[in-house]
Visitor: 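Pasting a structure below so you can have a look.
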Amino acid sequence: MKYTFLALFTVLFLGCKNDAKSTIEVEKETTVKTTTSEMKWDSDTLIYPEEKHFKNIRQVTFGGDNAEAYWSFDDKQLVFQSNNKAWGVGCDQMFLMNANETFTDSIVPPMISTGMGRTTCSYFLPDNKHIIYASTHLGGEACPETPLRKNGKYIWPIYDTYDIFVADLEGNIVKQLTNEVGYDAEPTVSPKGDKIVFTSTRSGDIELYTMNLDGTDVKQITDELGYDGGAFFSPDGTKIIFRSSRPKTEEEIASYKALLAEGLVEPTEMELYICNADGSDLRQLTDLGNANWSPFFHPSGEKILFSSNFEAERGFPFNLYLIDLDGKNLERVTHGETFDAFPVFSNDGKYLAFSSNRNNGGGRDTNLFIAEWQD
């Protein structure tokens, strides 16, 4: 169980050529994008009795570590990252799926990243024909090394070769959006379709920035010491929710700066923060302890769904929780004993994509699930 936690944090939070022919490639000329209304639901045995917000559920992937599945603006497709070695990759690459598809080791979705380096955090653009994602491939074709621990502490690498790119759904890169020295990654797009928020080390710290869809008008929106990342816009595009570490003591600050100088960060103590889209009115939302992260706005814009292990004594489990924008009315949503994270609502608010260790036979796989949501 501990291995799953460490491997998942390293592989999926940072977030090789695929030689297998995908089902979408085979039927390329005749396939019509399918919608969520055409999905066939699995047995409700995948829903734990206390999970009242899940009306139906289906498992989307079977094997490897799969995460960060983001919906197209028309809710017909999703893009996600996977390291499933059966799909011919050595570390995380980006894959495309229709909303009602299911993938196994032998049924392979089309890869729409380059197959080189490591990728993270893909997201659809409003035209539904392009995605953005971060990749290290300009720094080398091989998967970069992934350190797990330093001085007995669990760490994430912040690769300085990450930059943000735009690609079409055939996998062709059509534009490079960032070209600064250091880490540029974790991009997401406003539901308004006008802005991108991303994380960068260009200031010397790990801060949040916004830019236009073409990479222009870059603005820094956080400036406090600590790691700011995993940011998402509210449904109306006026607010941003994100995860952050905020070292306070001299020892914490020294440790944070020393790790950052080596391109590393320790992610075990994080809380959620919220601000306006321009960075104003920044405030801390949670004060729960341990790791609180992967936040996403509820379709109402009045609540946040996020993952946390604050109730765990030994790092596990991670479950999903709802909380109001004023930090009140905390509600547990999932009730697993392992790992539930990366919740993402469809744009119409009817469905939730998330990653989970459930139904993996007690192994290490983290798979994608889509649930029909009910408030």
Side-chain angles (χ1 to χ4, degrees), residues 12 18 22-44 46-47 51 53-82 84 87 93-104 106-113 121-133 167-171 188-189 191 193 232 235 294 296-299 305 320 340-356 358-359 366-375:
L12 298 181
N18 183 0
S22 72
T23 55
I24 294 180
E25 279 181 327
V26 170
E27 302 177 27
K28 194 172 184 180
E29 295 182 1
T30 58
T31 297
V32 177
K33 293 178 185 177
T34 48
T35 65
T36 47
S37 63
E38 298 170 291
M39 285 198 284
K40 295 181 179 178
W41 300 105
D42 293 335
S43 167
D44 60 7
L46 296 179
I47 302 175
E51 294 177 340
H53 286 289
F54 295 166
K55 182 179 179 180
N56 291 297
I57 198 170
R58 56 184 291 264
Q59 187 168 346
V60 175
T61 63
F62 292 80
D65 291 319
N66 307 272
E68 300 200 58
Y70 298 116
W71 300 82
S72 57
F73 274 64
D74 61 8
D75 289 332
K76 293 181 179 179
Q77 293 181 292
L78 298 97
V79 61
F80 67 99
Q81 64 193 53
S82 178
N84 191 339
W87 295 352
Q93 294 293 330
M94 296 304 169
F95 295 86
L96 181 69
M97 61 171 285
N98 290 331
N100 72 339
E101 290 187 297
T102 300
F103 299 100
T104 65
S106 58
I107 303 176
V108 186
M111 183 169 65
I112 56 174
S113 53
C121 303
S122 57
Y123 216 89
F124 270 92
L125 290 177
D127 66 359
N128 299 310
K129 298 178 180 179
H130 295 86
I131 61 165
I132 55 172
Y133 69 96
D168 62 26
L169 300 190
E170 300 295 323
T188 65
V189 181
F232 294 89
S294 70
F296 202 85
F297 276 90
H298 181 272
L305 185 61
L320 300 183
D340 292 318
F342 302 108
V344 181
F345 283 101
S346 58
N347 293 281
D348 63 12
K350 296 179 180 179
Y351 304 95
L352 182 77
F354 68 103
S355 294
S356 179
R358 67 184 65 196
N359 199 41
T366 302
N367 288 299
L368 296 177
F369 294 78
I370 295 177
E372 188 174 9
W373 181 267
Q374 55 187 7
D375 285 314

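Along the sequence shown, residues are numbered consecutively beginning with 1. Source: prediction; values computed, not measured.
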Visitor: Which pair of non-hydrogen atoms, one from P235 and one from P299, has the smallest distance, and what is that distance?
Guide: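 Heavy-atom minimum between the residues: CG-O, 3.7 Å.
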Visitor: Does any non-hydrogen side-chain atom of F95 lie less than 4.5 Å from one of W87?
Guide: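 Side chain of W87 against side chain of F95, heavy atoms only: contact under 4.5 Å found.
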Visitor: Determine, step by step, whether R58 and I370 satisfy the side-chain contact (heavy atoms from CB on, under 4.5 Å) criterion, reporting the C-alpha distance in whole Å, the side-chain angles of both residues, the deciding distance to 0.1 Å, and the verdict.
Guide: CA-CA 5 Å; R58 56 184 291 264; I370 295 177; 3.9 Å; yes
Visitor: Are any non-hydrogen side-chain atoms of Y70 and Y133 less than 4.5 angstrom apart?
Guide: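 The answer is no; the side chains never approach within 4.5 Å.
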Visitor: Fit a plane to each ring of W373 and H53, take the angle between them on a 0 to 90° scale, and name the class: parallel (under 30°), tilted (30 to 60°) or perpendicular (over 60°).
Guide: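 The arrangement is parallel - the two ring planes meet at less than 30°.
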Visitor: Angle between ring planes, F354 versus F54, binned at 30° and 60°: parallel, tilted or perpendicular?
Guide: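 Correct class here is parallel.
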Visitor: I need the minimum non-hydrogen distance between A353 and A69, along with the two atoms involved.
Guide: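 Result for this residue pair: CB-O, 4.1 Å.
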Visitor: Can you check whether N347's main-chain N or O pairs, donor with acceptor, with W71's side chain at less than 3.5 Å?
Guide: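 Side chain of W71 to backbone of N347: no pair is present.
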Visitor: Would you sort out whether L305 and F345 count as a side-chain contact (heavy atoms from CB on, under 4.5 Å), showing the intermediate values?
Guide: CA-CA 9 Å; L305 185 61; F345 283 101; 3.8 Å; yes
Visitor: Please lay out, stage by stage, how T61 and F80 fare under the test side-chain contact (heavy atoms from CB on, under 4.5 Å).
Guide: CA-CA 11 Å; T61 63; F80 67 99; 4.3 Å; yes
Visitor: Looking at side-chain heavy atoms only, is the closest gap between K350 and D75 below 4.5 Å?
Guide: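 They are not in contact (no side-chain heavy atoms under 4.5 Å apart), so the answer is no.
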Visitor: Answer yes or no: is there a side-chain heavy-atom contact under 4.5 Å between E68 and C121?
Guide: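 The answer is yes; the side chains approach within 4.5 Å.
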Visitor: Of all the heavy-atom pairs spanning Q93 and S113, show the shortest one and how long it is.
Guide: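 In this case the closest contact between Q93 and S113 is OE1-OG, 2.5 Å.
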Visitor: Once you round to the nearest 0.5 Å, how far does CE of M94 lie from OH of Y123?
Guide: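 Rounded to the nearest 0.5 Å, the CE-OH separation comes out at 13.0 Å.
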Visitor: Per the side-chain contact (heavy atoms from CB on, under 4.5 Å) rule, which among T188, L96, V189 passes with F124?
Guide: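 Between F124 and the candidates, side-chain contact (heavy atoms from CB on, under 4.5 Å) is satisfied uniquely by L96.
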Visitor: When rounded to the nearest 0.5 angstrom, what is the spacing between CG in N98 and CD in Q77?
Guide: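 If we round to the nearest 0.5 Å, N98:CG and Q77:CD are 5.0 Å apart.
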Visitor: Output yes when a side-chain donor or acceptor of N367 lies under 3.5 Å from a complementary backbone atom of F62, and no otherwise.
Guide: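 A pair under 3.5 Å: yes.
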Visitor: Between atom CD1 of I57 and atom CD1 of I47, what is the distance when rounded to the nearest 0.5 Å?
Guide: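 Answer rounded to 0.5 Å: 5.5 Å.
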Visitor: Shortest non-hydrogen contact from G193 to P126?
Guide: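 Reported closest heavy-atom pair: CA-CG, 3.5 Å.
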Visitor: With a 3.5 Å distance limit and no angle check, can you tell me whether N84 reaches the backbone of G63 through a side-chain donor-acceptor pair?
Guide: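 Such a contact is found between N84 side chain and G63 backbone.
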Visitor: Please report the closest heavy-atom contact between L169 and I112, naming both atoms and the distance.
Guide: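 Smallest interatomic distance, heavy atoms only, reads O-CG2, 3.3 Å.
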Visitor: Mind checking the NZ-OG spacing from K129 to S72? Nearest 0.5 Å is all I need.
Guide: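 So the gap between those two atoms works out to 13.0 Å.
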Visitor: Check L125 against I132 and note the closest heavy-atom contact, atom names and distance.
Guide: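 Of all heavy-atom pairs spanning L125 and I132, the closest is CD2-CG2, 3.9 Å.
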Visitor: Under the side-chain contact (heavy atoms from CB on, under 4.5 Å) criterion, do K76 and N128 qualify, and how do the steps go?
Guide: CA-CA 9 Å; K76 293 181 179 179; N128 299 310; over 6 Å; no
Visitor: To the nearest 0.5 Å, how far apart are CZ in F232 and OG in S294?
Guide: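 Atom-to-atom, F232:CZ and S294:OG are 7.5 Å apart.
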Visitor: Let me confirm one number: the CG-CG distance from L320 to D340, rounded to the nearest 0.5 Å.
Guide: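 If I round to the nearest 0.5 Å, the distance is 5.0 Å.
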